[in-house]
Amino acid sequence: TTVQPIVDEKGNITGRYYTFEDITEYKMNEDAYRHSIDMWKFAINSSGDEVWAFDVENNSMKTSLKFREMIGMEDEDEISFNDLAHKMHPDDYRRYSKEIIPALTTNDPSFSFDCRLQNKEGRYRYYKIRGKVMEFDDEGTPILYFGTLADINKEKEKDMELQKAASRMEALLKTINYGIILENENRELTLISNGVFDIFPIPYSAEQLIGYNCANLATDLAHLFKPE
């Protein structure tokens, strides 16, 4: 509702006129949008991740204070998505250019990206960046993203140590003289030592046998052995 005065030629107020506009739909949309934001914030705060919002049109980001501390930026610093990208490890930046930039310029509703970001000490740590479109313009182009930043460095380092240990074990098993075959829970062959080929005249390479169903191995190779 708006109210405007009615004035005469001398400027005296002689009355008022009122205009009314039905904004029910607008308010319902506004309330629904605010509710979705509140639910999103609640979920984020519960997870412990840091929060960011990206204004596509102005190429500007609003972030939580801890977010900036994690990547070595001061609270008063202006920040854009490009600034965040320049903190990335060169190898991850190349992936960012192929995976994230296209997502930010289309109507892709969300993205998730693991990368190394440089902190204020100049060291790289692993983070998971998640983003979701929260607002589109009239043409359906994303204009506002909300997202999170999570420190996953410990998990990544643990995974890399496990991978290194598995590689060392695989290399060791391949070189010993014993015949060793490993299979997974689906009975698919995952490793075969060189000793197996010394003992049995198998006409295939180790690479050809990876993924082979061990349940059929004895039957398929029975013709290679002489009965006693």
Side-chain angles (χ1 to χ4, degrees), residues 32-137 140-170 184-185 190:
Y33 177 75
R34 186 180 294 110
H35 177 70
S36 67
I37 298 299
D38 290 341
M39 292 297 292
W40 179 83
K41 287 182 177 178
F42 174 77
I44 296 306
N45 291 333
S46 301
S47 70
D49 294 347
E50 296 307 315
V51 182
W52 57 266
F54 175 49
D55 181 340
V56 179
E57 293 179 319
N58 298 313
N59 191 29
S60 63
M61 290 185 74
K62 300 293 184 182
T63 71
S64 60
L65 177 59
K66 184 64 181 298
F67 181 107
R68 292 169 178 267
E69 292 176 353
M70 290 165 71
I71 62 174
M73 299 192 72
E74 300 296 332
D75 185 35
E76 63 272 12
D77 289 343
E78 292 290 332
I79 182 173
S80 69
F81 221 96
N82 291 334
D83 295 320
L84 183 63
H86 290 154
K87 289 277 186 178
M88 292 180 187
H89 188 281
D91 292 342
D92 297 330
Y93 182 79
R94 283 188 283 271
R95 290 194 300 114
Y96 160 81
S97 299
K98 293 181 180 179
E99 298 175 22
I100 302 304
I101 289 179
L104 294 176
T105 55
T106 65
N107 60 354
D108 192 356
S110 62
F111 65 86
S112 179
F113 183 68
D114 292 355
C115 66
R116 288 157 289 182
L117 296 175
Q118 198 171 36
N119 60 20
K120 60 183 178 181
E121 288 81 23
R123 295 193 295 268
Y124 286 103
R125 291 180 65 86
Y126 279 95
Y127 295 92
K128 181 180 290 293
I129 303 174
R130 292 190 180 96
K132 181 177 179 61
V133 180
M134 300 302 291
E135 188 176 347
F136 297 88
D137 63 15
T141 302
I143 58 175
L144 179 64
Y145 279 85
F146 278 2
T148 61
L149 179 73
D151 188 330
I152 58 171
N153 199 68
K154 289 183 179 179
E155 293 85 345
K156 280 289 186 179
E157 288 183 342
K158 186 181 295 183
D159 288 343
M160 288 188 291
E161 285 300 319
L162 289 174
Q163 291 174 6
K164 289 179 182 178
S167 297
R168 289 194 293 267
M169 179 62 70
E170 182 176 356
N184 61 21
E185 66 275 8
T190 59

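Sequential numbering from 1 along the given sequence is applied to the chain's residues.
Listed here is the closest heavy atom pair of Y93 and A85: CD1-O, 3.4 Å. The two residues Y124 and Q118 have their closest heavy-atom pair at CD2-N, 3.7 Å.
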For this session: Kindly indicate, with the supporting measurements, whether the criterion side-chain contact (heavy atoms from CB on, under 4.5 Å) is fulfilled by S112 and K128.
Result: CA-CA 7 Å; S112 179; K128 181 180 290 293; 3.9 Å; yes

Problem set entry | CA sep, side-chain torsions, deciding dist, call: I129, T148, side-chain contact (heavy atoms from CB on, under 4.5 Å) | CA-CA 6 Å; I129 303 174; T148 61; over 6 Å; no

For this session: Begin with the C-alpha distance, continue with both residues' side-chain angles, and end with the deciding distance and a verdict on side-chain contact (heavy atoms from CB on, under 4.5 Å) for D92 and L117.
Result: CA-CA 9 Å; D92 297 330; L117 296 175; over 6 Å; no

Problem set entry | Worked verdict on D91 versus R116 for side-chain contact (heavy atoms from CB on, under 4.5 Å) | CA-CA 9 Å; D91 292 342; R116 288 157 289 182; 3.7 Å; yes

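Residue I152 holds its CD1 atom at 9.0 Å from CG of D159, rounded to the nearest 0.5 Å. Within the model, atoms NZ of K158 and CD of Q163 stand 13.5 Å from one another, a figure rounded to the nearest 0.5 Å. Note that CG of L149 and SG of C115 are 7.5 Å apart. Values are rounded to the nearest 0.5 Å. We find the CD-OG1 distance between E69 and T63 to be 10.0 Å, quoted to the nearest 0.5 Å.
Side-chain atoms of Y127 come within 3.5 Å of backbone atoms of M70 as a donor-acceptor pair (strictly under, hydrogens ignored). Here the side chain of D151 pairs a donor or acceptor atom with the backbone of N153 at under 3.5 angstrom. The main-chain N or O of K62 is never found under 3.5 Å from a side-chain atom of W52 such that the two would form a donor-acceptor pair. Within the 3.5 Å criterion, the main-chain N or O of D114 finds a donor-acceptor partner in the side chain of R95. The closest donor-acceptor contact from the side chain of D55 to the backbone of N59 lies at 3.5 Å or more, if one exists at all.
Side-chain contact between M88 and F113 is present, with heavy atoms from C-beta onward closer than 4.5 Å. Counting heavy atoms from C-beta outward, E157 and M160 have side chains that approach closer than 4.5 Å. Put simply, the side chain of S110 does not reach to within 4.5 Å of the side chain of R130, judged on heavy atoms. Between F146 and F54 the shortest side-chain heavy-atom distance does not fall below 4.5 Å. M61 has its side chain within reach of F67: a pair of non-hydrogen atoms, C-beta onward, lies under 4.5 Å apart.
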